[in-house]
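What follows is a set of notes on a single structure, which appears directly below.
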Amino acid sequence: MNSRRPWVVGVSGASGTPYAAAVLRGLLDAGESVDLVVSRASRLTLLDETGIAFRDAHWQEDLRQWLARGADGKPDSFDVDVSDVRHWAAGDLAAGPSSGSYPVKGMLIVPASTACVAGVALGLSKDLLQRAASVTLKERRPLVVAVRETPLNGQTLKHLVTLDEAGAVVLPASPAFYAGATHIQDLVDFVAGRVLDAAGVPHRLYRRWKGELGGGSGGD
């Protein structure tokens with residue numbers, strides 16, 4: 001009997017594809033299975049930010065290339081095994097994650113655009129990403145929404161409050177500096193680590209606060 005229970009990772013069209021890559025690497029490093037949904041808009045963002053075209057017919061090759069890329073744009077910065085990733089096309093509303101009977105641990109939306117936030121808050125289910133998020137909420141499973149936009153207008157703030165009241169964790173993609181970041185990857189990994197913290201997935205992506213001032217400027 002197949003006991004696979006993946007995390008669904010939805011990638012929407014907001015800027016911040018390195019955040020998604022870091023979260024995916026973190027999940028895989030922790031031995032978690034992943035069901036991946038890459039929205040149509042996010043493919044344009046991915047192409048713009050990395051030069052990588054994400055194609056349904058070649059998704060494993062494209063995903064491997066994407067996850068191997070550092071946040072600084074350097075290729076082959078990471079060695080990633082994507083064998084436990086399952087990809088679902090964003091337009092496939094008959095996909096596994098569209099049903100509450102499909103066994104998953106929860107869902108992480110990284111990054112979450114304001115359009116995605118609105119769609120999930122209003123229950124529009126216009127594509128698989130939004131439908132999977134709605135299913136996650138109705139089944140009372142963990143949903144983490146890493147919103148990436150600034151500034152936020154009143155309507156988006158109302159949508160975020162709606163998601164919070166529905167049980168989602170609203171997690172702005174806001175890097176911190178107390179962990180002693182020296183490279184862009186450190187800042188990206190901090191946000192990815194906070195997403196994984198919210199999901200209860202262990203990781204070692206950033207230096208945790210230990211109650212000592214200046215702890216991020218020197219040794220461990």
Side-chain angles (χ1 to χ4, degrees), residues 1-14 16-47 49-71 75-99 101-112 116 127-133 135-136 139 141-146 185 188-189 191-193 195-205:
M1 182 176 179
N2 187 358
S3 60
R4 184 178 185 271
R5 290 187 65 232
W7 284 95
V8 179
V9 176
V11 186
S12 79
T17 55
Y19 292 130
V23 166
L24 288 165
R25 287 192 298 265
L27 288 170
L28 296 173
D29 286 346
E32 299 286 346
S33 301
V34 173
D35 276 22
L36 178 64
V37 182
V38 181
S39 76
R40 292 173 60 186
S42 70
R43 298 178 190 221
L44 297 176
T45 306
L46 181 63
L47 181 63
E49 293 184 345
T50 69
I52 298 170
F54 193 90
R55 304 159 294 175
D56 288 337
H58 304 279
W59 70 267
Q60 285 182 309
E61 174 187 343
D62 298 336
L63 177 63
R64 190 176 294 108
Q65 182 183 0
W66 174 25
L67 298 191
R69 187 184 184 92
D76 301 321
S77 296
F78 300 94
D79 183 17
V80 184
D81 180 3
V82 300
S83 60
D84 206 7
V85 178
R86 183 171 186 178
H87 167 255
W88 300 96
D92 184 4
L93 291 178
S98 69
S99 172
S101 67
Y102 183 76
V104 303
K105 292 184 177 180
M107 183 172 183
L108 316 175
I109 305 178
V110 188
C116 174
D127 61 10
L128 179 58
L129 195 160
Q130 292 184 14
R131 171 60 185 169
V135 168
T136 301
E139 297 295 328
R141 294 166 180 160
L143 174 64
V144 182
V145 180
Q185 189 67 56
V188 168
D189 284 347
V191 172
V195 171
L196 296 178
D197 286 345
V201 176
H203 67 86
R204 299 183 64 183
L205 287 175

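Only heavy atoms go into these numbers, but all of them, side chains included; no hydrogens, no water, no symmetry mates.
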Who pairs with His203 by ring-ring contact (aromatic ring centres under 6.0 Å, His included), at least two apart in sequence or on another chain?
Tyr206

Could you state the interatomic distance from CD (Gln65) to CG (Asp76), rounded to the nearest 0.5 Å?
8.5 Å

Taking all atoms of both residues into account, what is the closest heavy-atom pair of Val85 and Trp59, and its distance?
O-CH2, 3.1 Å

May I have the step-by-step check of side-chain contact (heavy atoms from CB on, under 4.5 Å) for Tyr19 and Val195, ending in yes or no?
CA-CA 9 Å; Tyr19 292 130; Val195 171; over 6 Å; no

What are the two closest non-hydrogen atoms of Ser12 and Pro111, and how far apart are they?
OG-O, 2.7 Å

Do the non-hydrogen side-chain atoms of Arg43 and Leu46 ever get within less than 4.5 Å of each other?
no

Donor-acceptor pairs under 3.5 angstrom involving side-chain atoms of residues 20-31: please list them, not counting sequence neighbours.
from  : atom 1 : to    : atom 2 : distance (Å)
Arg25 : NH1    : Leu67 : O      : 2.8

Quick one: CD1 on Ile109 to CD on Gln130, what's the gap to the nearest 0.5 Å?
8.5 Å

What pair of heavy atoms forms the shortest contact from Trp66 to Thr17, and how long is it?
CZ2-O, 3.4 Å

What's the verdict on side-chain contact (heavy atoms from CB on, under 4.5 Å) for Gln60 and Leu63, showing C-alpha distance, side-chain angles and the deciding distance?
CA-CA 5 Å; Gln60 285 182 309; Leu63 177 63; 5.8 Å; no

Quick one: closest heavy-atom pair of Ala133 and Leu143, and the distance?
O-CD2, 4.2 Å

For Arg5, is there any backbone N or O sitting under 3.5 Å from a side-chain donor or acceptor partner on Ser33?
no

Just by modelled atom types, is the Ala90 backbone N or O under 3.5 Å from a matching donor or acceptor in the Asp127 side chain?
no

Separation between CZ (Arg131) and CG (Leu93), nearest 0.5 Å, reads 8.5 Å

Carefully, step by step, assess Val135 and Tyr102 under the rule side-chain contact (heavy atoms from CB on, under 4.5 Å).
CA-CA 10 Å; Val135 168; Tyr102 183 76; over 6 Å; no

Determine the minimum heavy-atom distance between Arg4 and Val34, stating which atoms define it.
NH2-O, 2.9 Å

Between Arg141 (side chain) and Thr136 (backbone), is there a donor-acceptor pair under 3.5 Å?
no

Check the pair Met107, Asp35 against side-chain contact (heavy atoms from CB on, under 4.5 Å), reporting the backbone distance first and the verdict last.
CA-CA 9 Å; Met107 183 172 183; Asp35 276 22; over 6 Å; no

Heavy atoms of Val201 and Glu32 approach each other most closely as CG1-CG, 4.2 Å

Is there a donor-acceptor contact under 3.5 Å from the side chain of Ser42 to the main chain of Val11?
yes

